[in-house]
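None of the values given here were measured: they were computed from a predicted structure. In what follows, chains carry the letters A, B, and so on, assigned in the order in which the sequence lines appear, proteins first and then strands, with residues in each chain numbered from 1.
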There are 2 protein chains.
Amino acid sequence: MEDTRYKILLENFRAIHRQGFQSTRTDKVVAELGITKGAFYHYFPTKNDLGYAIVDEILCPMYTGIWVAFEQAESNHAVILEDTLKKYVHLLTDQDVQYGCALNNLTQEMAPIDAGFQARLKKVILSMHRSIEEGLKNGQIAGAFRTDFNPTQMAFFILSTIEGAFSVGKATRSKVIFEMGLMQLLEFVKTLRR
Amino acid sequence: MEDTRYKILLENFRAIHRQGFQSTRTDKVVAELGITKGAFYHYFPTKNDLGYAIVDEILCPMYTGIWVAFEQAESNHAVILEDTLKKYVHLLTDQDVQYGCALNNLTQEMAPIDAGFQARLKKVILSMHRSIEEGLKNGQIAGAFRTDFNPTQMAFFILSTIEGAFSVGKATRSKVIFEMGLMQLLEFVKTLRR
DNA sequence: AAAGTTACATACTTATTGGTATGCCGCAAG
DNA sequence: CTTGCGGCATACCAATAAGTATGTAACTTT
């Protein structure tokens, strides 16, 4: 049953999101599901491979999904961009902010010490960037945005600010502070309208 | 000799900055200095206490120092703010960006799993925020900045974007990408001038 | 129905790794 | 000059945690 594999994957993702990769004890996580080490190592050769699978199968689709609407927009680019930012604020709970951005967490912790994580996480980040960049470019062409900014740079700026708001929100354990970062970004993004 | 203690502190700070706290082996780090475990545990009761000392004695002064000029400015607020941002770009090497922001790294990794780190790192973040906020307020009063923005929110925004640029720079291992985030922030910050 | 394979469970192993116990040396106070 | 203490070095310890070896029930294939 692939069901067991997915349960292992998902529950470990949750644990890693909260406490980080290294301090997560995979056997204890699966034990809570009534599953043993045997099942874990049946599906994943090593703990790192579990981590890779989480990035590939959970993080990657999750994060690229956020920006797909903006990337593929054919009209109302500005509205969709602003709505996407608003979603960050509305969909997240207090706890979500305290746990931080799963992608950011994993990057900070694992990218420097493992090339497998590094490559995968970079891919996800660049994929998000590409989506934002595309949306900005299309919006410029469609006349939704001003054309006096560089979409590549602006996309990195937007991405950086979101990730940074998560960082600061996590550090202070405050959703309100997270929101301040995002709200200011939203105000700024409105000035990109034409 | 307090010299030994400081050497232990500094070398471990460097190692932790690069590979993170948990994966740093303190005994191996000090061994490179020709120092043994005995000396380490003579000065620090536990590994966590070393981490706390690093935050208190290295990170805290380092990061608050960055913003002290802006906080205490009596004139030219806008110029000093912009210069502070420029310093981030000019003073950092390619490697620095790859290693990421030491404060951010430690926060992401350790804040969720240890209350001692959490409290200390939060303090440093809020201290930086306070400096930026003060500078913005003073600049508004002095007529250097527009008054139609909220200094508290704006300070969190600036802080978030810087931290986020580090995150994205680290994830992509690219100083150029880090710079794009900061350069866009710089452009934005210029619009705050009155 | 025999043989093989999948999907696990249980028990064990082994390499860290943070931390401790102890000892020694030099120096300063009494 | 001897006693005590700060400043280490060395050797040892115990817990953990990733990973392995083995077993076995169910299911598939031939």
Practice task
Take B:Glu109 and B:Gln22 through the test side-chain hydrogen bond (donor to acceptor under 3.5 Å, both in side chains) and record every step on the way to the result.
Solution key: CA-CA 8 Å; B:Glu109 184 187 359; B:Gln22 294 178 87; 3.2 Å; yes
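The side chain of B:Lys37 has C:dG19 as its nearest neighbour among D:dA9, C:dG19, C:dA7. Nearest nucleotide to the A:Thr46 side chain, out of D:dA18, D:dG19, D:dA9: D:dG19. Comparing C:dG18, D:dG19, C:dA9 against the side chain of A:Ile35 picks out C:dA9 as the nearest. Distances were taken from every side-chain heavy atom of A:Ala39 (C-beta onward) to each of C:dA9, D:dA9, C:dT10; the shortest belongs to C:dA9. Listed nucleotides C:dG18, D:dA18, D:dA9 differ in distance to B:Arg25; the shortest reach to its side chain belongs to C:dG18.
Rounding to the nearest 0.5 angstrom, the gap separating the CZ atom in B:Arg194 from the OG1 atom in B:Thr147 is 7.0 Å. Atom-to-atom distance recorded for A:Leu92:CG and A:Gln98:CD is 12.5 Å, nearest 0.5 angstrom. Here the CG atom belonging to A:Leu106 is positioned 8.0 Å from the CD1 atom belonging to A:Ile54, to the nearest 0.5 angstrom.
Distances shorter than 4.0 Å separate some side-chain N or O of B:Tyr43 from OP1 or OP2 on D:dC8. Applying the 4.0 Å criterion to OP1 and OP2 of C:dC8, one finds that A:Thr4 has a side-chain N or O inside that range. Taking only side-chain nitrogens and oxygens, B:His42 comes nearer than 4.0 Å to OP1 or OP2 of D:dG7.
Contact check on B:Asp27 versus B:Arg25 returns no salt bridge, with no Lys/Arg side-chain nitrogen under 4.0 Å from an Asp/Glu carboxylate oxygen.
Rounded to whole Å, the distance from CD on A:Gln22 to P on D:dA18 is 10 Å. Between B:Asp3 atom CG and D:dG6 atom C1' there is a gap of 16 Å when expressed in whole angstrom units. Distance, B:Asn48 CG to C:dT17 P: 16 Å, rounded to whole Å. The distance between atom CZ of A:Phe44 and atom C1' of C:dA7, rounded to the nearest whole Å, is 14 Å. Atom P of nucleotide C:dG18 and atom CG of B:Asp114 are separated by 14 Å, given to the nearest angstrom. Summarising the geometry, the separation between NZ on A:Lys7 and P on C:dA7 is reported as 15 Å, rounded to the nearest angstrom. Look at CG on B:Asp27: it is 16 Å from C1' on D:dC8, rounded to the nearest Å. Taking atom CZ of B:Phe40 as the reference point, atom P of D:dA11 lies 20 Å away to the nearest angstrom.
Heavy atoms of A:Thr24 sit under 4.0 angstrom from primed sugar atoms or phosphate atoms, though from no base atom.
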Give me the distances for all protein-to-nucleotides 23-25 of chain D N/O pairs that come in under 3.5 Å?
none

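In this structure, B:Lys47 fails the cation-pi test against B:Tyr41, since its NZ or CZ atom is not both closer than 6.0 Å to the six-membered ring centre and inside 45 degrees of the ring normal.
Looking at residues two or more places apart in sequence or on another chain, you find a salt bridge (charged side-chain N to carboxylate O under 4.0 Å, His left out) between A:Arg193 and A:Glu82.
In this structure, A:Phe157 has its ring center no closer than 6.0 Å to that of B:Phe188.
In terms of polar N and O atoms assigned as donor or acceptor, the side chain of B:Lys47 never comes within less than 3.5 Å of the base of C:dG19 in a complementary pairing.
Inspection of the B:Asn12 and B:Thr24 side chains reveals no N or O donor paired with an N or O acceptor under 3.5 Å.
Terminal axes of the helix from C:dA1-D:dT30 to C:dG30-D:dC1 (five pairs each, C1' rotation axis) are separated by 10°, to the nearest 10°.
Taking all atoms of both residues into account, the shortest heavy-atom contact from A:His129 to A:Thr152 is NE2-O, 3.0 Å.
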